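Heads up: the structure comes next, in structure tokens.
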There are 2 protein chains.
Amino acid sequence: MQTPEPLGGTRPTSRDVARTAGVSQATVSLVLGDKWRGRVSERTAGAVRAAARELGYRPNLAARNLRLGRTRTAMLVVPALTNEFFAHVYTGAAAAAARHGFGVVLYPSPDGLGPARDPFASAQAALDGVIASSMATGALEAFRGTDLPLVMLDSDPAGPGAAAHVNLDVADGMRRVTDHLLGLGHRRFLHLASAAPSWTFDVRAATLAHALRGTEVRTERSPLNVADAWEAAGRALDAPGPRPTAVICDDDILAVGVCKAARRLGLRVPDDLSVTGFDDMALATVVEPELTTVRLPAEEFGRRGMEALLAVLAGERPRPDTLPVSLVPRGSSGPAPAA
Amino acid sequence: MQTPEPLGGTRPTSRDVARTAGVSQATVSLVLGDKWRGRVSERTAGAVRAAARELGYRPNLAARNLRLGRTRTAMLVVPALTNEFFAHVYTGAAAAAARHGFGVVLYPSPDGLGPARDPFASAQAALDGVIASSMATGALEAFRGTDLPLVMLDSDPAGPGAAAHVNLDVADGMRRVTDHLLGLGHRRFLHLASAAPSWTFDVRAATLAHALRGTEVRTERSPLNVADAWEAAGRALDAPGPRPTAVICDDDILAVGVCKAARRLGLRVPDDLSVTGFDDMALATVVEPELTTVRLPAEEFGRRGMEALLAVLAGERPRPDTLPVSLVPRGSSGPAPAA
DNA sequence: GCGCCGAGGTTTTACGTATAACTTCCGTGG
DNA sequence: CCACGGAAGTTATACGTAAAACCTCGGCGC
């Protein structure tokens, strides 16, 4: 009643462990840090471990981080949490990190694909490095004035400021999509692009434009969610003039919106309209017919990103790397309807 | 070449700022900590701030946390990142935290809905508290031996170990679903439940059993992903005996799987089969027809969880709270087919 | 018999910050 | 003219850990 002692009192420190084990604090640190090969006797080490267990000792991470000058923690910055893709990137990064005793903190950039404001004010954890995935052009700004090593995923390898780059071969992915559709006889296209400015989407657009030169291509932009994509696609498909026979989307989410719009307009997929996605998330197999899409190795992507960061922290300078992607043909794409 | 000075040299400390500003380190701390009301002159404060800006000074969080004994960081433990629901919970929690100068770290429990192994080994950030959302029964174990305040979301309010509870009124949600379907004349049900053991799902099952007593109810279990749900639903709907006319699902994801299975079996939704979901995520409006489902106030949920944690940290003992939910009737439920 | 070495510790220090306790200086009321 | 108090700082200390530097003692080669 007098001193409430909030929740179980105060935590035991290494000094407490030392006292109950009858040794000095330094010995505790050596034993618990596994650096006692020939410095501490077997029985003393046992006594220390027993005391630690008895007291329920847990090292104070803040103190350790302060002493060591590193935290063994990385931050993964992602533009959105509602996009399943980033969940897989995180999984891969976290797995790779764990193998090296690292933890990964997830920081969803609050502005969607916009610049990350002040990631360090929000994610208060001290960090060894940052992995930024598919951030918007200019999101880098938030990291200026910082000496934290930065690994960029899916961003311009020629861009400044990053210690390492890992990319997906989205250009190849887009080429596979256009080859596929051209082979099916399509000549009038709608490109439903992401409204967020980002290098990865710029590459897709440029590749598409080059691969489809000589055909008819319209472009519409939409934020990465079903409702907006639905509306944007409805607008574009209902426009005057000859209707596109194929819609190429920058993301599965957009493609799902297109499928909804097509249904609303009475267009059958793929008989009247072919639709392709990008990412090959679970969402791609939810719609009927299932989406033809580009499979991205998301977990591998996260893993490589983390490995690149670890390499940077080890003083290396990893080469920019590009991961292969593949086309997954499914029911949403078919021969162009007879003119 | 001699000393590579890895990345821009070493970070400036408050002592460096003090030196360039011509004051003591204590003054820097006072000024930058905004505790200089009548202790430091206006000009000195200005000089300190200028020096800090010039050097690009950022306080060392590890040192601050060590000194203050708190981190202003909370960890949100979630069972899965691929479930959009938790993205919204995070958003709400992070927003509430930010208003109090707190950061939120996201920790996806690696075992799906299973127990979180050692969250502190993985999420290396020092923490003030933990919010665990919809964790499996027994996941609490990982937090024993710890004095960290724990707020449980969607878990047994009578269970031990938590400093506070915030729940969703899932029982009411399930009752609204059963009322809705009974009113439409349904008498043969399939309950597609989550395979993960969790209080929230137990409540749904118990409520359903009570509300549907006297009718025919079969139960099937599936992990929370479309592919498994598809298979489980296919199995159950293809079983011998009279087919259920309505499938009640514990989650929108499961319901989407059911819709796929129904299509595969040639059953039309809702004419031959009514399907209901739970959560009202974006996914619910992706399928055709859109899902009748229960809307959960996910962001509010996260917000309240964070506020409860902040209250606990302030020494209060917040009352367990339960948030209302609502039924969203859409196209996937209709009158029971004529016997 | 002496020096040396290694095993098994201990003492000490540093990490960067926040703040309690102390100092100095000046203006002022009695 | 002196004590006093407030303004504007400074000095000193503590947070808990890791590790460098130091100590002690017994055994052993020469």
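Since we're looking at a predicted model, the values are computed, not measured. Every heavy atom of this structure was used, including side-chain atoms; hydrogens, water molecules and symmetry mates were not.
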Of the candidate nucleotides D:dG9, D:dT17, D:dT11, which contains the atom at the shortest distance from the side chain of A:Thr13? D:dT17

Whole-Å distance between D:dA14 C1' and B:Asn65 CG? 16 Å

Separation of C:dT17 C1' from B:Arg11 CZ (nearest whole Å): 13 Å

Using a heavy-atom cut-off of under 4.0 Å over every strand shown, decide if A:Val28 touches base, sugar-phosphate, or nothing. nothing

OP1, OP2 of C:dT10 versus side-chain N and O of A:Thr27: anything below 4.0 Å? yes

Judged by atom type as modelled, is there a donor-acceptor pair below 3.5 Å linking the side chain of B:Arg303 to the main-chain atoms of B:Ala298? no

Side chain of A:Asn60: nearest nucleotide among D:dA19, D:dA18, D:dT17? D:dT17

Rounded to whole Å, how long is the line connecting atom CD of B:Glu42 with atom P of D:dA7? 14 Å

Can you work out whether B:Gln25 or A:Leu32 has the more 5'-proximal nearest nucleotide on DNA chain D? B:Gln25

Rounded to whole Å, how long is the line connecting atom CG of A:Leu55 with atom P of D:dG16? 14 Å

Go through A:Val130 and A:Tyr107 one step at a time and tell me if the side chain to side chain contact (heavy atoms under 4.5 Å, CB included) criterion holds. CA-CA 10 Å; A:Val130 176; A:Tyr107 183 75; over 6 Å; no

May I ask you to test the B:Leu168-B:Pro297 pair for a side-chain heavy-atom distance under 4.5 Å? yes

With the side chain of A:Ser29 defined as its heavy atoms from C-beta on, choose the nearest nucleotide among C:dT19, D:dA18, C:dG9. D:dA18

Starting from P on C:dG16, measure out to CG on B:Leu30 and report it in whole angstrom. 19 Å

C:dG8 phosphate, OP1 or OP2, under 4.0 Å from A:Thr44 side-chain N/O: no

CH2 of A:Trp36 versus P of D:dT17: gap in Å, rounded? 20 Å

Within the 4.0 Å heavy-atom criterion, would you say B:Leu66 contacts the bases, only the backbone, or no part of the nucleic acid? base

Looking at B:Ser24, I'd like to know whether one of its side-chain N or O atoms comes within less than 4.0 Å of OP1 or OP2 on D:dG9. no

In this structure, how many angstroms lie between the C1' atom of D:dG9 and the CZ atom of B:Arg43, rounded? 14 Å

Would you say the side chain of A:Leu313 lies within less than 4.5 Å of the side chain of A:Asp128, judging by non-hydrogen atoms? yes

Base, sugar-phosphate, or nothing: which does B:Ser41 touch, judged by heavy atoms less than 4.0 Å apart? sugar-phosphate

Whole-Å distance between C:dT17 P and B:Arg58 CZ? 13 Å

Does the side chain of A:Val28 come within less than 4.5 Å of A:Val23's, by heavy atoms? yes

Just to confirm, is there a sub-4.0 Å distance from OP1 or OP2 of C:dA18 to any side-chain nitrogen or oxygen of B:Arg64? yes

Which residue lies toward the 5' end of DNA chain C, A:Ala26 or A:Arg39, if each is placed at its nearest nucleotide? A:Arg39

